Structures are given as structure tokens and as C-alpha cells.
Protein chains: 2
Amino acid sequence: MAKYTMRDVARLAGVSIATVSAYINGTAGVSERLTAKIAEAMAALDYHPDQVARSLKVGRTQVIGMVVPDVTNAFFPEVIRGVEDAAAVEGYSVILCNSNEDAEQEKRHLSTLFSRRVDGVLLACTDTAAAYGSLIQRRFPIVFLDRIPQGIPHAGVCTDNEGAGHVATRHLIGLGHKRIAFVAGNLRHSPHAERLNGFRKAMQEANIAVRDECLRMGDQSIESGYKAGLEMMRLAVPPTAIIASNNRMLLGLMRAVNELKIRCPQQVSIVGFDDFAWTQHFTPPLTVIAQPAHELGRKAMEMLLGQIRAGEGNETKRFENLRLAGELRVRESTARPPALQLVGKTRRKGGD
Amino acid sequence: MAKYTMRDVARLAGVSIATVSAYINGTAGVSERLTAKIAEAMAALDYHPDQVARSLKVGRTQVIGMVVPDVTNAFFPEVIRGVEDAAAVEGYSVILCNSNEDAEQEKRHLSTLFSRRVDGVLLACTDTAAAYGSLIQRRFPIVFLDRIPQGIPHAGVCTDNEGAGHVATRHLIGLGHKRIAFVAGNLRHSPHAERLNGFRKAMQEANIAVRDECLRMGDQSIESGYKAGLEMMRLAVPPTAIIASNNRMLLGLMRAVNELKIRCPQQVSIVGFDDFAWTQHFTPPLTVIAQPAHELGRKAMEMLLGQIRAGEGNETKRFENLRLAGELRVRESTARPPALQLVGKTRRKGGD
DNA sequence: ACAATGTTTCGAAACGATTCGAAACAATTT
DNA sequence: AAATTGTTTCGAATCGTTTCGAAACATTGT
């Protein structure tokens, strides 16, 4: 890298360094004569301004940090795309960090991000603790994404998880299911707690009791979905429908069902969360709640930019919380429960 | 963010700013008395050194850029994990960029990365052109990842794609297949070109002619895999086995096969590339070549660190090329071809 | 022709660290 | 007690920008 500085450009163009700066940033009028000279000099040297020097001076880096528990969870890459798309518009770059579901690592990452003077942080947090309170008090721009912390004022954007849980449940109830099970992820993570709430609410509204043995707490892993599926489908009276609170547990659940040679959806209906390429090519194609992952990322970044730009003042906006609707995509993993399927068939035969 | 500078720490500790720096970086002996005072002052102010100022002075940012065509392709998140793991060890952060398979965007990203004075770049390139030549000549630390450019000296790490294509093909040949098809991705991307080479070589070694209609050039999309699958399985004499050169086309291929009600592996064997959680839970569980994605990322980062550290001198190391072996994971989407299955069964009946 | 006004242009001081070489001090040898 | 050596400490310059205020210049109205 041939490294030229503004000084070199100035010298070559025969102007002062201040003028070059003014030209580049358009901060002051520069005569046509000098404009031409400077442009020429810059081209000749293939000069590119040093952003780190600039950052030091202006106190902004045009970089934000994004920390997620695990990029390897297909939900996050889509979010990242959204974030980048919104970031690119404003000339922002993003430093990506994996916290690996570990509060300690998360803290370390945040700390190095601050040292690097990022202008803000997007955080899918692992920690429920109010470890974030001090950040927010210091008015550091931060917006929470997907996972929302409890008990502190904050800005955040996530799927309307309660609504999504509710919709999924209503879909099953609408099909005639009563023995509906729910395989939750770690309830300390807001999405899973809220999806469970939505489930509970829908069940209550329909006056269906939630049986204890139809509630399983997993840990978001394939393995835990598998175990939950195995256990539940071996019950004396197994559920006729199961909701898996994330895509990994869904996968585990499907494996359990397949292994037990239980037919889906004939014997058990299943709905999961997240929609990826493979979910619709699965056998059977899976009914899921799709999260607006890309949009989630875009909105979060836009909110963060808002905070970054915010002079003082707009306190109201600072703690905005956005919840985007999930979308139920009905495919072939859900159907009427076994008992009703016959009724359904008879009816159709008679009716149509 | 209460922002304190080294000057504040120095003042509070009653020492010079140079001494604080010496203490922090351990560059010179600092007496116990002052050490204590400085540590105390730093703690009192919750001081964290400003990395951007530091970067400006020392000419290193401890940040690298990574540009991939699309994080949304599940292969890359795993690579990213590998990169981050290796980066973290040395205190490096990574700025992630999506080129979106677009040479223009890639160029823009590279350009902003340089402006930000990243210490090096990891690049899964879209462009086959020698647009990278000048970078390399300028000795800018760069290592290519997965996709390797042609015709210029470079450092790179990727899967041994030719070997992988060869292994996949040999697996099918070993099962007795002769009419083997290959659905390639964009051949301008080295992995696909090389996988195809491996396929050709294996076929040649086995003295099996590659039929034209059994070679399809896709574009890495699900759609193209689907189309290729449809077309080939509708041939008068369809192939008895198909290799899909990436995970997306594999998915499309499976859809085509399902739609045509062709049974896999009974009527057609299929092997794909990349191994994710869903591949083994597919119906049938898919035989694939797994790429050592995490390792790929780790090694690439380590090579990059090597280049960054390299004083002048070690020219040999500069253009090192690493090829890591893929691993064939035989599952249930491959079996003996239809004709032989009967023979197989009869034999078994008689023999066992 | 001169003052008043509005543009361009520039010199110099930051931003917050590192680093060089000299100054200050202590310990040792003569 | 002076000279020598080695260790701490510090002042000041520097990295490559931005930005403030003043200087230089051109333009206009009187």
C-alpha cells in the first residue's frame, strides 16, 4: 500500500492541506481552479483519506458493533443482512462478534468494541442481568435485537413473539387440536418466554387447560428438541400437536417423530419458528412462523442511527420498542387431529 | 460514556502521560510506587485506552475485513466462526461485508476497508478478474478463502474441491453407478470448477464416459438445482445418480425429485456438498461432502496474521495455498443403482 | 478610489495516543 | 567525592486528519 497523506496531495496540488480537506468534505467553497488541481493530484496519487485519523478528530468512527450469540444459527445471518443494508446507506461498517451464549465473552466483546470507539452497538444479549443498565445511563447508543433485557429502559426491536406464539396456537386450535404441547427454549431469553406467553394466552382464551407434561423447557438445541419430542410422544396420552419455539428444536422434534415412526401431520401436527430454505423442502414441508429477520435488522440499525444522530433532547425516541409481526406459513406439517380427520373426511364426502 | 483520556489518568496519578503509556504497554520499567498510583487512577476513572488514537500512532488497527458473497449461505457463518476464533486470540476484530455476488459492491467494500486501514483482508471473491493483482503487488495482507482467483500469485485456503468431487464420484461408482450426473454451480467460481474436475477425473479413471445431458451448469441457487433436476430426470434415460455441487442446488434437486415422485435412493442416488443440521434430518438423510468450514476460517485467519506480522523476507510463505480435505458422510440418499439393487437382493438372499 | 461585504485560502491548534532522547535519580565502582 | 552505569521519569514531537479564526482576495455600492 503506497501510503499518501493529505499533505502529499496538498503539496502536489500546490495548495494548503486545509483546502484539500475542505474540498473532500465539501465544508467550504473551493474555487474551480483549485478543485481541478486537487482532484488531479488525488487521482495521480490514488489518495484515499485515512479514516482512522479522521475518526480521531471528529470523534466518530462510522463503525458499529453487533454482537450475537451465534452466527451459526441461521436466523442471525438474515438479521445481519438487514443491518448491513441499512448501515451501508449511511456509510457505516459493522464489526461482528459472537458471544457464544456466554455472558463473559459478551462482556469482553462489548469492552473491546468500546475501546474501538464504535458509534453504537446492536446487541442480541445473553445476559438477563442488568449489566446493560450503566451503558444506557451513560447514553451510549445501543439497541437490543431479538433478545430483549428485562427491567431496564431500553430501545429494542424484535418479533412480536407473544403474538406469534398466539397465532401458532390459534392455528392448531382452529384445526381442532386440544392436546397441544409447547417445547420452549431457554425462558431467560425473552423470545421464548414471550412465545410461551402467547401460547398460554391462546389456550386460556379457548378454555383449554395446559397440561404440565405438555410443556417442555429446552435449551434451543437440536438435542433438547429431540429429547422433548421423544418423551412427549411416549406419553400414555400424547399431544396431537406440538409447537417448537425455535428452528433447532424443531429439527430435533422432527427427528424424534420420525424415529418413533409417528406420521406427521396424520398423527401429530407440528409448527415451528423461523423459516429457511430447508423448512419448505422438508418432508413434510413445515408449517412455521417466519420472523421478519431482515426487516428486524434493518429497523434495528435505523433506530441505532437515530440514537447516534440524536443530539440531546428526544428522550421519548430513546427507549422506543418495535415489535414486528411474524407470519404464519401454513404448509403440510399441520392438519386436523387424528380423531377429527375421519369426521372431516366424512363431512367432505357428504358436503361437496 | 464518560470519556477520560490518558492525560486525565496522568494528572490524577501525578505522573506524566508518557509514564502512563509505558505502564499500560509494559514498554519500560515503571517503579512500584507509580504502578500502584496509575492503576488506582485508571480504576477510579474507569479508563479505557482509545484504540483509534493508538491505531493512528502505531499504524495498525487490529481489525481485519472479511468479505463474503452472502452470509446467508450457511457455509459462511461457520467459516466466520473459525475466523473469529483465531482472530480473538490475537485481539483482532473483524468487519464483515456482504458483496452480494456483485463485483462492484465487492470493490466498494474493499475500498472502504482500506480507508479504515484494516490490517488485512479475508476474501471470498466474486470476481475472477485480476482486479486483485495490484493489491497483492502492493503487499497488502490478503488471503483468499473458499473461492480462489485464477492466474495471480496469492495466498489462499479452501477445501480440496477436486479431491472432494473425486471422492463423491468414486462413492457412487463404487455403488455401481454408471450414469452419473453433475449439477455444477457457476464455473467461474473455483470450488465448482474444481469439483467438476474431480468428477471428470474419477469418471475417466473408471472409464465411464460423461454424457453431455448429464452435465448441468447452475448458478448456485435452489431454483437452478430444481430446474436441472427436473430436466435430467425427465430424460429418456435419466441418470441413476446425481451430484449437486452445493447445498442450495442440492435442496432444489431434492424438490424436483420429490415432485416427480422419484424415490431417493431407490431410483436415484444423490450426494451434495456441505453438511448442516438439516441435511442429516432430511428425508432421506443426505449423503454429503462436509467441508471443514470452521477450520477453513481458522487457518485463513492464521495465514493472514502471518502475513501481517511478516517483516519482509519470507516470500515463500506469502503465497502459500492450503487445501483442506472434505469428508464424505454417507447417509441414506445414496444406494446401489436400480438395476443392481435387484441383483444385490437376489445375491443376498442366496448368499447369506 | 474607499469602505463594506462576501468568498477563498491558509496557518496552526487540536484529537489521544506512542516513542525518542534527554533529564533526573539511584546504585555502584574508582 | 567524582565518575560510571543503569534505571525511572518526563517533555515534546508525531501519526493524518478537521476546524477555527484570520489573512488574502475579489466584488459591490457609494
Side-chain angles (χ1 to χ4, degrees), chain A residues 1-42 45-63 91 112-119, chain B residues 1-42 45-63 91 112-119:
Chain A
M1 296 264 81
K3 273 278 292 296
Y4 290 109
T5 82
M6 227 162 78
R7 181 167 263 93
D8 299 314
V9 175
R11 187 153 30 219
L12 184 58
V15 302
S16 89
I17 178 180
T19 307
V20 177
S21 173
Y23 164 69
I24 290 176
N25 299 299
T27 42
V30 175
S31 69
E32 291 202 356
R33 195 174 47 92
L34 294 197
T35 292
K37 278 186 158 184
I38 294 172
E40 191 181 350
M42 281 178 49
L45 299 181
D46 188 29
Y47 167 75
H48 293 272
D50 184 323
Q51 287 300 329
V52 0
R54 172 164 222 284
S55 294
L56 175 60
K57 192 62 177 88
V58 304
R60 270 177 302 115
T61 50
Q62 304 260 110
V63 174
T112 84
L113 286 173
F114 297 143
S115 281
R116 294 198 187 291
R117 296 296 185 261
V118 294
D119 292 347
Chain B
M1 295 265 83
K3 274 276 291 293
Y4 289 109
T5 80
M6 227 163 80
R7 180 167 264 93
D8 299 314
V9 175
R11 186 151 33 218
L12 184 58
V15 302
S16 89
I17 179 182
T19 307
V20 176
S21 174
Y23 164 69
I24 290 176
N25 299 300
T27 40
V30 176
S31 69
E32 291 201 358
R33 194 172 49 91
L34 295 196
T35 292
K37 279 185 159 187
I38 294 172
E40 190 181 349
M42 283 179 47
L45 299 181
D46 188 29
Y47 167 76
H48 294 274
D50 184 324
Q51 286 300 328
V52 0
R54 172 164 222 284
S55 294
L56 175 60
K57 191 61 175 88
V58 304
R60 268 176 304 116
T61 51
Q62 305 260 108
V63 174
T112 85
L113 287 173
F114 296 143
S115 281
R116 294 197 188 290
R117 297 294 186 264
V118 294
D119 292 347

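Lettering follows sequence order; numbering is per chain, from 1. Predicted, not measured: the structure shown is a model, and the values here were computed from it.
- The distance between atom CZ of B:R7 and atom C1' of C:dC15, rounded to the nearest whole Å, is 10 Å.
- In this structure, A:G14 and B:A22 both approach DNA chain C, and ranking their closest nucleotides by distance from the 5' end singles out A:G14.
- Rounded to whole angstrom, the span from the CE atom of B:M6 across to the P atom of C:dC15 amounts to 14 Å.
- Nearest heavy atoms, A:T27 versus A:S21: OG1-O, 4.4 Å.
- Among all heavy-atom pairs drawn from B:Y47 and B:I24, the shortest one is CE2-CD1, 3.8 Å.
- Nearer to the 5' terminus of DNA chain D, by closest-nucleotide assignment, is the contact made by B:S31 (compared with the other of B:S31 and A:V58).
- Counting all heavy atoms, side chain and backbone alike, B:S16 lies closest to B:A10 at C-CB, 3.8 Å.
- C:dC15 atom C1' lies 13 Å from atom CZ of A:R54, rounded to whole Å.
- Residue A:Y47 is in sugar-phosphate contact alone, with no base atom involved, counting any heavy-atom pair closer than 4.0 Å across all strands shown.
- Of the inter-residue distances, the one linking B:E40 atom CD with B:L45 atom CG reads 10.5 Å to the nearest 0.5 angstrom.
- In this structure, NZ of B:K3 is placed 10 Å from P of C:dC15, rounded to the nearest angstrom.
- Distance B:H48 NE2 to C:dA17 P: 12 Å, rounded to the nearest Å.
- Annotation: the terminal axes of the helix from C:dA1-D:dT30 to C:dT30-D:dA1 meet at 60°, where each axis is the rotation carrying the C1' atoms of four end pairs onto the next four (5 pairs per end, rounded to 10°).
- Residue B:S21 has no polar side-chain atom (N or O) positioned under 4.0 Å from OP1 or OP2 of C:dA17.
- Listed here is the closest heavy atom pair of A:S115 and B:P49: OG-O, 3.8 Å.
- Here B:S31 contributes atom OG and B:K37 contributes atom NZ; the two are 9.5 Å apart, rounded to the nearest 0.5 Å.
- Nucleic acid contact class of B:V52 (heavy atoms, under 4.0 Å, all strands): none.
- Residue-level contact check: A:L34 touches the backbone only, with heavy atoms under 4.0 Å from sugar-phosphate atoms and none from bases.
- With a heavy-atom cut-off of 4.0 Å to chain B, the contacted part of DNA chain D has its first and last nucleotide at D:dT8 to D:dG16.
- Atom P of nucleotide C:dA17 and atom CZ of B:R11 are separated by 13 Å, given to the nearest angstrom.
- Rounded to whole angstrom, the span from the CZ atom of A:R60 across to the C1' atom of C:dG16 amounts to 17 Å.
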- [ ] Would you please test A:R116 and A:V63 for side chain to side chain contact (heavy atoms under 4.5 Å, CB included) and show each step?
- [x] CA-CA 9 Å; A:R116 294 198 187 291; A:V63 174; over 6 Å; no
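- Rounding to the nearest 0.5 angstrom, the gap separating the NE2 atom in A:H48 from the CE atom in A:M6 is 15.0 Å.
- Across the protein-nucleic acid pair, A:R116 atom CZ and C:dA17 atom P stand 15 Å apart, rounded to whole Å.
- Here the shortest heavy-atom pairing between A:Q62 and A:D119 reads N-OD2, 2.9 Å.
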